[in-house]
Amino acid sequence: MTAASSTVLSRRAALARRLAGGASSTWFPYLLVAPLALILWGYVVQPMLATFVESVSEDGVSNYTKFLSSSGVARTSLITSLVISAASVVLCGVVGVAMAFLLKRFSFAGRRLIEAFILVPAALPPLIGAISFQLLYSEIGILPRGLQRLFGTDSPVLAFDGIAGVLVVHTFTMYPFFYLAASAALAGLDPSVEEAAYNLGAGRVRVWRTVLLPMLTPALVSASLLVFMTSLASYTAPLLFGVDQTMTMQIYINRTNGDLPMASTYASALGLVSIAFLLLMRWYEGRRSYMSQSKGVSARRREISNPIGRWLAPVASVLATLVLLAPVATIALVAFSEDGSWTTEIIPSAYTVDNFVTILSEPKAFQPILNSLQMSLLATAGCVAVGVLIAYAVRRLRFFGRSLLDIGVMIAWALPGTVVAINLISAFSTGNTFSLGQALIGTFWILPLAYFVRFLPLVFRASSASLALIDPSLEEAARSLGASWWRAFLSITVRLMLPGVIVGALLAFVHGVGEFVASVLIYTSSTVPISVAINNRMYSFEIGTAAAYGMLQVLLIFVVMWFSGRLENGGRAASRRAEQWTN
Amino acid sequence: MIDVELESVSKRFARSGEAAAVDDVTLTIGAGEFFTLLGPSGCGKTTTLRMVAGFYFPTVGHIRFGGQDVTRLAPNKRDTGMVFQNYALFPHMTVSQNVAYGLKVRKVSRADASRRVAEALAQVHLDGYGSRRIEELSGGQQQRVALARALVIRPRMLLLDEPLSNLDAKLREETRTEIRRIQRDAGTTAIYVTHDQAEAMAMSDRIAVMQAGRVQQIGTPREVYHQPANAFVARFIGRSNVLSLPVTSADATRVEVALPGGGHIAAGAPDGHGLRAGDTALVSARPEHIALAGPDDPDAIRGRVTALEFTGMATHLTVDIGAEEGGEVTVAAVDVPDRVDVGDRIGLRLSADRLWVVRP
Amino acid sequence: MIDVELESVSKRFARSGEAAAVDDVTLTIGAGEFFTLLGPSGCGKTTTLRMVAGFYFPTVGHIRFGGQDVTRLAPNKRDTGMVFQNYALFPHMTVSQNVAYGLKVRKVSRADASRRVAEALAQVHLDGYGSRRIEELSGGQQQRVALARALVIRPRMLLLDEPLSNLDAKLREETRTEIRRIQRDAGTTAIYVTHDQAEAMAMSDRIAVMQAGRVQQIGTPREVYHQPANAFVARFIGRSNVLSLPVTSADATRVEVALPGGGHIAAGAPDGHGLRAGDTALVSARPEHIALAGPDDPDAIRGRVTALEFTGMATHLTVDIGAEEGGEVTVAAVDVPDRVDVGDRIGLRLSADRLWVVRP
Amino acid sequence: GSGSDDSDTPGTSAQKIVVYSARDKKVTDFVVDQFVAKYPEYKGKVEVLNMGAQEVLERTRAEKANPQGSVWWGGTQQGLSAGAGDGLLEAWQPSFAAQMDARYKDPQGRWFGEILLPEVIMYNNKAIPADQAPKDWDDLIDPRWKDKIIIRDVAASGTMRSIYASMIQRLSKDGSNPQPGYDWLRKLDANTVDYAANPTDLYVKMSREQGVLSAWNLQDILLQAEQSKMPFGYVMPASGAPVLVDGVAAIKGGNTEGAKAFIEFLFDSGLRANLAKDFFQIPAVPISEQPQWLANLNLKPMDVDWDVIAKNETQWINHWNAEIKNKG
Ligand SMILES: Nc1ncnc2c1ncn2[C@@H]1O[C@H](COP(=O)(O)OP(=O)(O)OP(=O)(O)O)[C@@H](O)[C@H]1O
Ligand SMILES: Nc1ncnc2c1ncn2[C@@H]1O[C@H](COP(=O)(O)OP(=O)(O)OP(=O)(O)O)[C@@H](O)[C@H]1O
Ligand SMILES: [Mg+2]
Ligand SMILES: [Mg+2]
């Protein structure tokens with residue numbers, strides 16, 4: 001720090017120091033947050049505000065009072081939606097964490113394969129995915145009809161209907177939020193903390209209840225938020241199982257009725273409920289600290305001794321995977337069955353590969369797949385860039401408006417996809433500053449933008465959860481070794497967050513590939529996504545070819561999962577770890 | 001030349017109640033000086049170090065490096081090398097990568113860096129561990145990696161927070177010699193936190209003794225040891241017996257006190273001690289400056305052995321001399337006669353030229 | 001009564017190369033015994049402790065508690081209280097909750113538990129910190145929480161992995177007295193890891209000195225200190241000067257060696273030392289058993305002072321006596337005459353009854 | 001994404017036509033091929049975006065500030081009227097308008113009926129022999145059919161809303177007293193075993209015999225039976241079938257010139273005949289050669305007053321949704 005000789009120089013040095021000196025000064029957070037807030041404002045918050053504005057445009061808040069009156073659709077819908085969402089969180093939590101436990105705590109042959117399969121249910125193609133649940137669990141489903149035949153009863157056995165059906169669909173499609181978050185967090189936990197609990201005499205169950213689950217809080221909170229909001233905004237499942245007194249159904253019905261302000265009121269109410277839940281969860285999470293305070297880096301987990309654990313885990317995992325993959329198998333069944341060959345039979349009576357031949361022989365069969373791939377990748381890249389930074393800002397920096405930033409990210413997840421798309425169209429149908437003066441609708445960019453806006457919360461949440469476990473002194477160490485804030489951030493913090501970031505990116509990517517409700521409103525002929533292609537088949541009831549398309553999508557997701565699993569574990573480390581476990 | 005200056009620095013944490021973790025600390029450290037912070041657990045040593053490193057901002061006060069205010073300068077602009085009390089090793093990097101990190105940031109050429117990394121690992125006796133993952137090291141090995149990582153970048157200032165606490169005595173001694181050598185050779189200023197007084201004594205140019213966030217005394221090891229500023233410092237540095245004895249006569253630098261068994265003895269006293277005949281003086285006597293005598297030795301203080309502790313080099317006896325004079329006295333004796341045992345009556349003789357009067 | 005028994009226990013890690021972290025360790029610990037593992041960093045102390053706690057399985061060998069094979073018993077079935085070298089505190093719990101955890105597991109009534117938690121916190125001088133978060137504590141305070149958490153459950157066996165490494169000397173002494181008291185009162189067996197030899201000496205019933213995964217010597221502190229089994233132990237425990245001196249005569253328990261300056265001196269020797277006149281014996285002499293003498297004292301070994309280190313209680317002089325006899329010798333002197341300085345010639349006198357012959 | 005054609009390619013004057021279509025992709029592909037064959041200057045310039053009818057409305061509405069579409073192809077009378085009411089549609093008089101029944105088009109020329117969708121009784125002909133199928137609407141509420149009926153969920157479907165409103169209006173011509181209609185629908189609800197989420201779901205449930213009866217449009221019944229080998233048959237109700245109009249419009253602010261050319265082409269007599277033959281479409285304008293099935297149809301339109309329905313539909317359906325559905 002040699003003092004500059006001339007005053008000009010020293011003044012410039014002082015300024016430079018102040019600008020670069022950054023990360024520790026009180027206003028550094030604002031410097032970092034300002035562009036993020038601007039992005040959020042321009043691309044997410046401000047478009048979404050349109051919904052709220054519309055809800056109060058005609059007759060003020062009178063629409064909202066409908067939620068307060070004791071009888072009436074509004075309040076019943078709200079309550080039904082809340083009940084479904086809360087139950088979904090619990091169910092997905094149980095299934096997701098259990099799967100994470102089985103797959104991340106034990107090593108056995110075929111585990112990697114199962115890990116790659118496990119995200120597939122989250123990526124079930126729209127509509128065809130929903131139909132597959134019908135074909136499995138509803139009154140016309142394989143399972144109830146199979147049981148009916150088995151027991152010789154009059155009516156199908158164990159047929160899911162109504163809310164139970166909705167919950168089944170939600171559990172199957174959303175447990176990966178929990179599974180991924182929990183497994184990333186489990187990998188990042190300080191193993192010695194768990195050992196300490198065992199040492200103090202706690203049994204396995206108690207250790208999970210009092211140490212592991214609480215330490216997973218950030219991950220579970222993140223997953224709960226996502227599941228809660230997804231359930232709240234879920235549309236297809238209530239539709240399929242005939243639960244029409246839900247918020248989303250009311251939004252749709254009101255739009256069909258032409259009562260746009262009321263539809264917006266419902267949408268805004270959804271947003272408000274989600275924000276309330278978000279704030280609750282933030283408070284809950286903020287009460288405790290989850291960063292390891294241990295000195296140094298602890299050795300990996302102790303070895304598994306329990307022979308029951310060794311055998312039970314793989315068996316349970318395989319069984320669970322079979323159950324979870326059943327909807328995918330159903331799609332495969334449809335894809336390989338002959339048209340009209342599956343009516344009252346339990347499973348199809350005739351099989352064919354015609355459906356695949358049909359779609360593959362089309363000249364542009366792969367175009368939608370490529371489109372989806374490209375747009376999802378773009379959006380995911382954006383989500384990672386912005387989401388990781390926001391996660392860092394919200395978790396690590398002290399500045400005014402942290403909660404607002406958090407809410408800003410999540411709001412697009414809390415609203416139904418249709419509403420998000422409509423808002424984006426309105427915001428970007430003419431040029432504005434954020435679109436660089438260009439009208440984005442009708443161009444390629446609107447779809448990646450929509451995916452970005454919709455799926456930013458996934459990356460943000462997952463990153464934030466993994467950041468909660470990372471000791472900030474690691475970053476400090478890098479800083480004291482001379483690394484600039486950026487360098488320390490990228491080489492240490494982001495690197496350590498990576499499991500969480502990968503999880504978020506995977507979720508964003510997978511959801512991007514499957515996105516339908518928003519896509520259908522904004523796609524162009526050159527950007528037909530795979531979901532729209534599938535839907536076109538469904539629409540004309542070419543259910544076989546639609547399923548075949550769906551299988552291609554499933555395959556794509558599987559391949560991505562397989563390779564990302566490789567990436568995440570870094571091969572070498574994984575095998576070594578497994579070696580140690582089984583020693 | 002003054003290198004580091006803390007001016008009335010205080011740090012208050014939101015949650016630690018009303019008390020400040022660091023309370024109005026003012027001190028200056030010269031360039032190339034080896035300065036040690038010593039004090040009981042929780043007294044604010046780490047907090048002080050972290051403010052110097054730039055990870056905390058003082059609630060009030062200023063920090064200057066070479067006259068320049070750095071109170072809010074970014075940590076990476078300070079060119080300090082820090083060993084964290086909890087190591088803060090990068091878990092995703094191998095040992096070598098950890099050590100090389102600072103060099104990479106400094107854009108040291110690859111060949112140069114790998115040479116320096118190897119050298120640094122050798123200095124902490126970790127040759128051959130370069131490709132290990134951090135989690136595959138023992139606690140002490142991890143601590144040494146943290147040390148190597150800070151030393152290898154040859155910063156202008158070293159901040160060492162108990163860098164040797166998990167090492168065995170042998171290695172600790174070797175390593176501290178190494179640290180001292182590196183620090184001297186490069187003229188690095190070092191701020192060192194330790195709870196090992198022998199270490200502090202052996203290594204430091206000067207020591208600041210802290211308690212409850214406040215500095216109690218700053219001085220060379222000998223000053224701090226032989227002329228403690230107050231009873232806390234006397235008791236904290238080494239073992240010391242602080243006896244309350246009546247003053248029989250006093251001048252500017254000496255105070256004569258009466259011994260319980262009869263007889264007088266002179267003790268050194270700090271400037272402006274303000275004691276007069278008739279006052280009670282607190283006199284600090286180090287265990288090793290008390291010799292054993294027969295229980296009936298007329299010049300000796302009489303007492304009864306209450307405990308006997310063998311520590312290798314010396315045996316520590318605890319002797320009860322009666323509540324009034326200071327309760328129990330500890331004596332370090334190299335060769336304790338075999339017949340002495342707990343419960344025995346015994347005489348203690350103070351050596352006059354090592355006694356020192358302390359403030360309460 | 002034998003409480004813990006390790007029988008040819010070895011532990012190999014997949015990655016630490018061919019060398020075993022713990023290599024064929026056999027030892028027995030009596031019920032209520034305070035047993036210390038001492039050894040250089042990375043010698044396998046923690047690994048041994050973790051096998052006793054049940055976190056690692058021995059690659060070969062057996063562990064028995066009270067005669068029962070527990071080699072593969074789950075850790076929570078062993079009723080051990082462990083202080084981890086890295087603390088392993090629960091970051092999501094307050095200080096009190098951390099300490100109370102083991103009590104809750106043991107279904108201690110709420111009132112009882114809170115009383116015992118308060119008591120345990122007082123024992124480690126953390127009264128009033130109960131409601132703090134772990135991250136709001138200093139390093140030493142965290143370590144004390146870890147200690148309190150292990151002590152409060154009054155396990156049948158305490159496993160303490162450097163539990164005091166981050167405490168200041170004063171507190172360390174108080175705490176170790178406290179640990180010892182608790183352990184004695186409850187008749188708990190304790191296995192203690194420390195790198196502080198004074199601590200090991202003061203606290204232990206027996207000490208096992210390890211190196212590179214192997215046990216070098218097991219014995220009481222006095223045995224280990226005064227009758228080290230080999231040169232490694234002699235050098236590792238305290239400072240020791242190991243001199244190579246020619247044997248002039250030998251019997252079963254004594255060996256007489258020739259001094260460089262002329263003259264003879266007798267040294268104790270272990271059973272079956274097998275030395276004869278004409279052999280070269282390695283003789284260990286503690287620094288405090290070497291007295292300073294004038295450079296021309298006829299009975300003294302002559303040398304030149306190469307370093308002077310003030311450590312508080314004593315001053316350590318390093319004296320070069322010539323390569324053949326052992327290179328440098330360290331002397332601990334309580335009062336070094338002021339005129340002695342680096343470079344001076346000096347004489348050293350060994351005290352015959354403290355010398356000991358060691359194996360290489 | 002390839003094929004983002006530049007609409008100002010020199011040498012051709014034709015601009016891109018973007019068609020938002022709720023028609024089946026097979027139909028749109030077929031028509032576009034024919035259109036381009038006739039107007040080569042539009043080769044590669046007709047982009048069809050397939051989506052649901054409601055989505056066409058949503059999208060057009062959202063894009064009002066900068067319309068991207070040119071043709072709105074496929075949508076109920078109600079949907080098109082809503083679009084017209086929002087000022088989204090271009091008013092014009094095409095050449096075929098004169099031949100068209102006034103009931104099938106907007107008086108101001110903002111949309112035109114393209115095909116007629118008679119809503120008839122659908123039954124599973126594997127489960128019910130043709131002679132035992134219900135003959136009229138009132139047969140559906142016979143307790144005999146308890147738990148045999150599947151209905152495409154009403155509130156979210158324009159088609160179903162129209163059918164249900166017709167059922168109410170059938171029993172109260174001026175719409176002043178919906179009660180008899182409600183009672184009738186309550187009985188229907190009692191016989192309804194399940195409501196299907198969408199057409200696909202309806203077909204699946206019908207074919208797998210969760211229910212064996214439904215009310216559905218003739219065209220889709222014939223298409224499913226013919227193309228997907230579904231075991232579906234239909235009955236033309238004795239008291240008549242409500243006939244819905246499904247239309248087409250030019251979007252205001254789009255490529256109106258192209259849109260007009262395209263719509264004119266849609267009503268080309270040859271094309272109409274082909275569509276009628278292959279896709280079972282009943283054209284809203286008279287055509288010369290009728291295919292066999294159409295000639296034999298015996299279409300008996302129910303006398304429905306769409307104005308009364310337009311006025312009351314929301315209220316009626318909301319009432320049904322809240323008070324009647326799933327209550328029987
Ligand atoms: N998980 C591991 N994988 C590979 N090697 C390991 C692992 N844990 C420890 N080691 C090695 O085993 C040896 C013994 O380690 P241990 O932790 O027992 O040492 P220690 O005696 O406790 O040392 P310290 O005093 O430094 O804590 C060390 O050399 C260490 O590098
Ligand atoms: N983040 C924090 N929030 C609240 N109080 C804190 C925080 N960090 C430290 N303290 C308190 O401030 C005081 C000083 O802490 P500091 O870490 O500086 O102690 P120390 O001298 O390094 O102690 P040790 O030798 O135990 O490491 C302690 O009493 C501690 O409890
Ligand atoms: Mg500290
Ligand atoms: Mg260790």
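Since we're looking at a predicted model, the values are computed, not measured. Every chain is numbered from 1, with letters handed out A, B, ... down the list of sequences.
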(request) For each of B:Gly44, B:Ala169, B:Cys43, tally heavy-atom pairs with chain C at distances under 4.5 Å, and name the one with the top tally. (result) B:Ala169
(message) To the closest 0.5 Å, what do you measure between NZ (B:Lys45) and CG (C:Asp168)?
(response) 6.5 Å
(request) For chain C, find which of B:Gln141, B:Glu199, B:Arg286, B:Glu173 contributes the most heavy-atom pairs closer than 4.5 angstrom. (result) B:Glu173
(request) Check side chain to side chain contact (heavy atoms under 4.5 Å, CB included) between B:Arg184 and all other residues, then give those that pass, not counting sequence neighbours. (result) B:Arg180
(message) Checking side chain to side chain contact (heavy atoms under 4.5 Å, CB included) between B:Ser41 and each of C:Arg144, C:Arg172, C:Gln142, C:Lys170, which is the one that passes?
(response) C:Arg144
(message) How long is the straight-line distance from CG of B:Asn86 back to CG of C:Asn86, given to the nearest 0.5 Å?
(response) 10.5 Å
(request) Please state whether the side chain, the backbone, both or neither of B:Leu167 comes within less than 4.5 Å of a heavy atom of chain C. (result) both
(request) Taking salt bridge (charged side-chain N to carboxylate O under 4.0 Å, His left out) as the test, write out the residues that go with B:Glu178, two or more places apart. (result) B:Arg181
(request) Pick one of side chain, backbone, both or neither for B:Asn166, based on which atoms fall under 4.5 Å of a heavy atom in chain C. (result) both
(message) Checking the side chain of C:His195 only, and the main-chain atoms of B:Ser165 only, is there a donor and an acceptor separated by less than 3.5 Å?
(response) yes
(request) Could you please spell out the steps behind the side-chain contact (heavy atoms from CB on, under 4.5 Å) verdict for B:Ser138 and C:Thr46? (result) CA-CA 8 Å; B:Ser138 78; C:Thr46 299; 5.7 Å; no
